Every structure is written in C-alpha cells, then in structure tokens.
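Counting starts at 1 for both ligands and their atoms, in listed order. Since the structure is predicted, the reported quantities are computational estimates derived from the model, not experimental observations.
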Amino acid sequence: MTSADLKDTTAIVIRPVEAADLGQVIAIDAESTGIQKTDYWYELFHRFGTGHSRQRLFLVAESEGTIQGFIIGEVRDWEFGSPSCGWVFAIDVRPGARLAGLGTKLFDSICAGFRHAGVDTVRTQVSRDNNLMLSFVRSQGMMAAPVITLEMSLD
Ligand SMILES: CC(C)(COP(=O)(O)OP(=O)(O)OC[C@H]1O[C@@H](n2cnc3c(N)ncnc32)[C@H](O)[C@@H]1OP(=O)(O)O)[C@@H](O)C(=O)NCCC(=O)NCCS
C-alpha cells in the first residue's frame, strides 16, 4: 500500500496499541532510529498500552492489518509547577507511509485523548536540528513553550 492509497483516510484506523502490534512498532522505530530496543518497547507497552489510564496513551495507525505509525504520550500533573498538560514523547510513521496525513491523524487523536483527560495544552520536545520534526510540529500549530530544557554532562 502506497502513501497515495493511505490518503484515502477511511482505510486508516487509529486505535490503542495491542500486544500483537509490538513487533511492527519495534520494526518502525528501528528503521527510524537504527536501534532495535525490544525490552524498552515491551516496558512501554506495560506502562502505556493497557488502556486502563486516561492519562497514558499509546495509539497506532492501522490499515488492512499493517501498523503504519504510532504515537505515545501522557498527562503530567504539576510538573515543575506547570498546570497539567499532555506530553507527546514519541511519534513515528513508517517511511513508505509518510506525507499522507497519518502523522496529523495520530497527533489529532492523542490531542483528543488529552482533552478527554481534562487538559487543554499539549507539549513536546524536538531537537533544534531536526528539521523534519520541527516542520511537522509547526504544521500542527505548535509554538515555542514558555519553558526551556537544560542539561549538563555528569562525566
Ligand atoms: C514527522 C512525521 C511523524 C510526520 O508524519 P507524516 O505522516 O508524514 O505527517 P503528515 O503527512 O501528517 O504531514 C503533516 C505536515 O507535516 C509537515 N511535514 C511532514 N513531512 C515533512 C517533510 N518531509 N518535509 C517538510 N515538512 C514535512 C508538512 O507541513 C505536512 O503538511 P503538508 O503535507 O500539508 O505539507 C514522520 O515524518 C516521522 O515519523 N518522522 C520520523 C520521526 C522520528 O524520528 N521519530 C522518532 C523519535 S520520536
């Protein structure tokens, strides 16, 4: 199935992840990042994929039995004094399925989940040099937040 086929959005279902999807999720992530992190994904599935919490969301985009992408996020309450907001910390669309609107559908769906959980703000973090992610988040209407991330080496 091509990106052109996937633009027929009726063919796409956005739903909570299931255990049987994990192999495809791991493969999509490995293709994007070059790292196979099987244990990490099973751990994430146990924390975010049970569907028992409105605060934690792990969604996949499926078409005809194939997982085309996923998004993960959670509501964090009073983190560093900030009122509760939704955080997106992972999104990935299969390379052959990109530019067909799936990233937008996944993002819209997790935002709907955050609203359902009672928050009205969504945040994420993007590397300054990641032009693809910057272009995507800008296209969704995101702008610089009134917070900054700091770090230092512990070596
Ligand atoms: C970013 C990503 C999720 C976008 O998914 P997608 O399904 O292609 O996104 P959409 O088709 O909904 O695109 C929405 C908008 O994003 C922007 N965009 C998406 N891909 C782009 C690209 N290659 N170049 C420039 N802008 C782009 C465009 O503004 C686009 O709107 P348009 O099609 O009207 O121009 C996808 O490219 C991806 O998974 N990239 C890898 C992310 C990654 O590294 N994840 C691992 C760490 S979390």
Discussion item. Going by the rule salt bridge (charged side-chain N to carboxylate O under 4.0 Å, His left out), which residues pair with Glu74 if we only count those two or more places apart in sequence or in a different chain?
Written reply: Arg56, Arg76
Worksheet item: Are Arg94 and Thr66 linked by a side-chain donor-acceptor pair shorter than 3.5 Å?
Response: no
Discussion item. Set out, in order, the CA-CA distance, both residues' side-chain angles and the distance that settles side chain to side chain contact (heavy atoms under 4.5 Å, CB included) for Leu132 and Arg98, then state yes or no.
Written reply: CA-CA 11 Å; Leu132 171 55; Arg98 291 180 187 170; 4.2 Å; yes
Discussion item. Angle between ring planes, Phe58 versus Trp41, binned at 30° and 60°: parallel, tilted or perpendicular?
Written reply: tilted
Which protein N or O atoms sit under 3.5 Å from any N or O of ligand 1? Give each pair with its distance.
{"unit_1": "ligand 1", "atom_1": "7 (O)", "unit_2": "Gly103", "atom_2": "N", "d": "2.8"}
{"unit_1": "ligand 1", "atom_1": "8 (O)", "unit_2": "Leu99", "atom_2": "N", "d": "2.7"}
{"unit_1": "ligand 1", "atom_1": "11 (O)", "unit_2": "Ala100", "atom_2": "N", "d": "3.3"}
{"unit_1": "ligand 1", "atom_1": "11 (O)", "unit_2": "Gly101", "atom_2": "N", "d": "2.8"}
{"unit_1": "ligand 1", "atom_1": "12 (O)", "unit_2": "Thr104", "atom_2": "N", "d": "2.9"}
{"unit_1": "ligand 1", "atom_1": "12 (O)", "unit_2": "Thr104", "atom_2": "OG1", "d": "2.6"}
{"unit_1": "ligand 1", "atom_1": "16 (O)", "unit_2": "Ser139", "atom_2": "OG", "d": "3.3"}
{"unit_1": "ligand 1", "atom_1": "26 (N)", "unit_2": "Ser135", "atom_2": "OG", "d": "2.6"}
{"unit_1": "ligand 1", "atom_1": "39 (O)", "unit_2": "Asp92", "atom_2": "OD1", "d": "3.2"}
{"unit_1": "ligand 1", "atom_1": "39 (O)", "unit_2": "Val93", "atom_2": "N", "d": "2.7"}
{"unit_1": "ligand 1", "atom_1": "45 (N)", "unit_2": "Ile91", "atom_2": "O", "d": "2.9"}

Discussion item. I'd like to know whether the aromatic ring centres of Phe89 and Phe48 sit less than 6.0 Å apart in this structure.
Written reply: yes
Item to complete: Check whether any side-chain heavy atom of Thr104 lies under 4.5 Å from a side-chain heavy atom of Phe136, and answer yes or no.
Response: yes
